[in-house]
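Beneath this line is the structure, given in structure tokens, with notes to follow.
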Number of protein chains: 2
Amino acid sequence: MADHSNEFFTVRGYTMQNQDNQKLTSGMEDYLEMIFRLCGEKGYTRMSDLAGALNVQPPSAHKMVKKLAKGNYLNYEKYGLIHLTPAGWELGKELLARHQTLEKFLRLVGVSANILEDTEKIEHNISKETLECIFHFVRYAEINPHWISEFQSYKQNKQP
Amino acid sequence: MADHSNEFFTVRGYTMQNQDNQKLTSGMEDYLEMIFRLCGEKGYTRMSDLAGALNVQPPSAHKMVKKLAKGNYLNYEKYGLIHLTPAGWELGKELLARHQTLEKFLRLVGVSANILEDTEKIEHNISKETLECIFHFVRYAEINPHWISEFQSYKQNKQP
DNA sequence: AATTAGAATTAGATGCAGCTAACATTAATA
DNA sequence: TATTAATGTTAGCTGCATCTAATTCTAATT
């Protein structure tokens, strides 16, 4: 049971360690999160909407959807609509919440451009613990606006 | 000159957009950062030390080193030692600093396990702006210990 | 100096996620 | 209904980063 917590790995290395343990790849997470967003209104979404929303070509979306279907996150039949299963819905909800927590956090510390991109990059595979810590941070900052604004005004004076 | 700042992409999508602009891949960054660490003491490092430090097999390290050599980040001849070029040294220093900023940040918000792993995951390709914001946050927290400890003690009461 | 042990390299395979081009299906319209 | 337009699928290629197995080179030991 090697304990790797003090060892370095490349990004790829971490990915591979997690792939065993039933987790989704970053790519799958991206898709599932977006499918959840798109399903929000109508309860379903289409291949082309998904591809369009993620700026990806339809064949790429198609492959991923088949993969997610095999993992029982959604139901899909050829030429049909994409419907999340309860499991997919749950996970999608979590993924979106995670995304939003990180986005809020970035805004709090003053990021203004590239928020979407940076959120996207950070959100995958950060540990539950880290997410929780950031979540608490965001929560605390929301409850105590004066507290975070201390920092924010310091920062504003730093950079004109 | 498409402006994509409000559009969604998958992680892969963002990676590809940046690949054009002469930047290093995450993998290359991981290696360069580690090479910089390892060179610190002796001024050079070896293939096997590098592979060992990153928990990767020698052939993987070998390929990457050749790539970095082609990009003029280091000098390497067959069976020889790995020496950073001035450019590689500069960049390596930056990468390590980035890593340390993120690591400090995670500690400040209370992350204790998996720090290394999460830092690794976050550090690649977050924008300069985000890094700067986090840097200022860390700096402010260091200068004003009472400020951050307000949050920390709130958090401690939350989770026993 | 010859042999052996340890490092480094090459070759070739794998998996992920993207793409284009070509083909198939469904839906809309004339 | 027949044709066309729009969507979806399949096949096959690319690039990145990993691996194993086999080979080559260097260094150490006798």
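Naming: A, B, ... by sequence-line order, numbering from 1 per chain.
- Side chain of B:K67, nearest nucleotide from D:dT24, D:dT10, D:dC16: D:dC16.
- A:T85 and A:N72 form no side-chain donor-acceptor contact under 3.5 Å, judged by distance and modelled atom types alone.
- Side-chain contact between A:L95 and A:E123 is absent, with no heavy-atom pair separated by less than 4.5 Å.
- The side chain of A:T10 places an N or O atom within less than 4.0 Å of a non-bridging phosphate oxygen (OP1 or OP2) of D:dT18.
- Between A:S48 and the phosphate of D:dT7, there is no side-chain N or O to OP1/OP2 separation shorter than 4.0 Å.
- Separating the CG atom of B:L81 from the C1' atom of D:dA27 is a distance of 13 Å, rounded to the nearest angstrom.
- Closest to the B:P59 side chain, of the nucleotides D:dT18, C:dA17, D:dT20, is D:dT20.
- Nearest nucleotide to the side chain of B:R12, out of C:dA17, C:dC19, D:dT10: C:dA17.
- D:dA27: Watson-Crick or G-U partner is C:dT4, with both key distances under 3.5 Å.
- Rounding to whole angstrom units, CD of residue A:E77 and P of C:dA24 are separated by 21 Å.
- Close to D:dT18, at under 4.0 Å from its OP1 or OP2, lies a side-chain N or O of B:Y31.
- Per the geometry, CG belonging to B:N55 stands 14 Å off C1' belonging to D:dC19, to the nearest Å.
- With DNA chain D read from its 5' end, the first of the two nearest nucleotides for A:V11 and A:P58 is the one closest to A:P58.
- Protein atom CG of A:L50 is 11 Å distant from nucleotide atom P of D:dT9, rounded to whole Å.
- The side chain of A:T25 places an N or O atom within less than 4.0 Å of a non-bridging phosphate oxygen (OP1 or OP2) of C:dA17.
- Taking the ring centroids of B:F105 and A:F105, they lie under the 6.0 Å cut-off.
- For the pair B:Y76 and C:dT9, the criterion of a side-chain N or O lying under 4.0 Å from OP1 or OP2 is met.
- No side-chain donor-acceptor contact under 3.5 Å links A:E129 to the backbone of B:N114.
- Not a single donor-acceptor contact under 3.5 angstrom links the side-chain atoms of A:K78 to the base of D:dG8.
- The side chain of B:K63 sits closest to C:dA13 out of D:dT9, D:dT10, C:dA13.
- For the pair A:L32/A:L84, a side-chain contact is recorded, criterion being any heavy-atom separation below 4.5 Å from C-beta on.
- Residue order along DNA chain C, read from the 5' end via each residue's closest nucleotide, puts A:M28 first among A:M28 and A:Y79.
- Between C:dA8 and B:H62, no contact under 4.0 Å exists linking OP1 or OP2 to a side-chain N or O.
- Atom pair A:D30:CG and C:dC16:P shows a separation of 15 Å (rounding to whole Å applied).
- Rounding to whole angstrom units, CD1 of residue B:I82 and P of C:dA7 are separated by 14 Å.
- When distances run from any side-chain atom of B:Q57 to the nucleotides D:dT18, D:dT7, D:dT20, the shortest one goes to D:dT20.
- Across all their heavy atoms, A:E7 and A:Y14 have their closest contact at O-OH, 3.7 Å.
- Rounded to an integer number of Å, the gap from A:L68 CG to C:dA17 C1' is 13 Å.
- The distance between atom CE of A:M64 and atom C1' of D:dT9, rounded to the nearest whole Å, is 17 Å.
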